[in-house]
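These notes are about the structure you will find just below.
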Number of protein chains: 2
Amino acid sequence: MSFGEMIARRRRSALDTRASMLNAARQRFLRESYENVGLRDIAKDVGVDVALVSRYFGSKEELFREVLHGSDKADKFQIAVGPEELACYLTAMFDGKEDEEQRENLERLVIVLRSSSSPQAAAIVHEAVHEDVLQPIADVLGGGEEAEIRAAMVLTILLGGAVMRSVMSVGPDCGQGPPPAIRRKLYELFRTALKETPDAAQEGAVEPVA
Amino acid sequence: MSFGEMIARRRRSALDTRASMLNAARQRFLRESYENVGLRDIAKDVGVDVALVSRYFGSKEELFREVLHGSDKADKFQIAVGPEELACYLTAMFDGKEDEEQRENLERLVIVLRSSSSPQAAAIVHEAVHEDVLQPIADVLGGGEEAEIRAAMVLTILLGGAVMRSVMSVGPDCGQGPPPAIRRKLYELFRTALKETPDAAQEGAVEPVA
DNA sequence: ATTGCATGTCAACGGGTGTAGACATAAAAG
DNA sequence: CTTTTATGTCTACACCCGTTGACATGCAAT
């Protein structure tokens, strides 16, 4: 079969270089914002001309969309545990562990974070967060409005932690694995976010918030 | 007195236009990232030529520094309450209230957030956060290492909340004042962040974090 | 009225960007 | 070997950017 062999004997395979581009782009978007990543940078990483990037992905926006959203495979936020162990699971995201799943989860958040303030990428990021991150978390929590709110609080901590880590170089650390004290507090924060709401005023302390 | 009158009868006052530029710049940096804010945009807002912006501030970086860090006045993160009411105070930051102090605090965080991923602005942001935000919070908490950690956790929530609010349009809301349910959870998160650490394993639940 | 300084404008430079079309080359098909 | 198709390169466009130096204007002092 001719077409099959074309795939097999790929000396110059478009799919391979395309994948390489996507990978290079991911690494770039992971470290810089949407505008600061140039198509020429990506092309240079792969060892290819700029024009090819534009041709393969149509536009920079679509390339970014494919990096963030994935194309065909449904690569959403992965949660391998039930609601009970969720706090542990989330806390573990900030350890420097080699867990592939966890690393991808965190990396997705960092990409979101880096390009979140960018007129061009904003819409894409917005959609990807709701569909690929917020929804999966809410699903694990059982759905419903309460679940959505709790998911939002969890994401608040995750994003805050990601900012502190990758931008401020404090908090959840930068040198692989946060200090134990911070790790513990982070865990407690997740617990609080996941805990059911005290329903109305549980104590007097809640009231003077205004 | 000639010089005094020159200040008083300012028809073309350099200080005024400079202040206008700074204000326009602040509004811009509040809504877009460092790279997306053009000096020409700022100049157009004030109704002035681009060159003047460059001449008055030397460079874009210095302009940004002055917007974020302030120039002479020590405008750090303002906390008007003691450690006890701190959680309330912080939660109130996300209300759409007219409190000038609170609004400036949140705005500073948003600016930090928007330009945090930007090679040029990174160093400035980094310094400003440590010196003007983290330190004041830690001071209110009484200083010491524990205070620094707690301040870091507080900032984690603040930044996460700011991302959710101004980027994702969820969580701490965007339409002035978060939904009560989220407000309550936010308050609990701050309480947790500020609470003293349970010191080692308080319950068995803390252990399986790894 | 004229000098002189502060204030602001104009034009341009060098560099960077994403994108598109014409062209070249490798490799498979006939 | 020749033809054809996929794969990749080259050139160039039109636009944006920050910055600079020369020039124009307003305004106070002489």
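In what follows, every heavy atom counts, from backbone to side chain, and hydrogens, waters and symmetry copies are set aside. So you know, we letter chains A, B, ... as the sequences are listed, proteins then strands, and number each from 1.
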Could you tell me if B:Lys195 sits above the aromatic ring of B:Phe190, with its cationic atom closer than 6.0 Å to the ring centre and no more than 45 degrees from the axis? no
Value in whole Å for how far the P atom of D:dC15 lies from CD of A:Glu35: 20 Å
Counting only non-hydrogen atoms, which of residues 48-58 of chain A are less than 4.0 Å from DNA chain D? A:Val48, A:Asp49, A:Ala51, A:Leu52, A:Arg55, A:Tyr56
What parts of residues 117-124 of chain B reach DNA chain D, counting only heavy atoms under 4.0 Å away? none
In numerical order, the residues of residues 24-33 of chain A whose heavy atoms come under 4.0 Å of DNA chain C are none
Difference in axis direction between the ends of the helix from C:dA1-D:dT30 to C:dG30-D:dC1, five pairs, 10°: 20°
Geometric class of the A:Tyr34/A:Phe29 ring pair [parallel <30°, tilted 30-60°, perpendicular >60°]: parallel
Partners meeting side-chain hydrogen bond (donor to acceptor under 3.5 Å, both in side chains) with A:Gln27 (sequence neighbours left out): A:Arg31
A:Arg108: what forms a side-chain hydrogen bond (donor to acceptor under 3.5 Å, both in side chains) with it, not counting sequence neighbours? none
With no hydrogens and no angle check, do the side chains of A:Thr192 and B:Glu188 hold a donor and an acceptor under 3.5 Å apart? no
Under 3.5 Å donor-acceptor pair, A:Arg40 side-chain atoms to C:dG16 base atoms: no
Does B:Asp132 reach the main-chain N or O of B:Phe77 with its side chain, forming a donor-acceptor pair under 3.5 Å? no
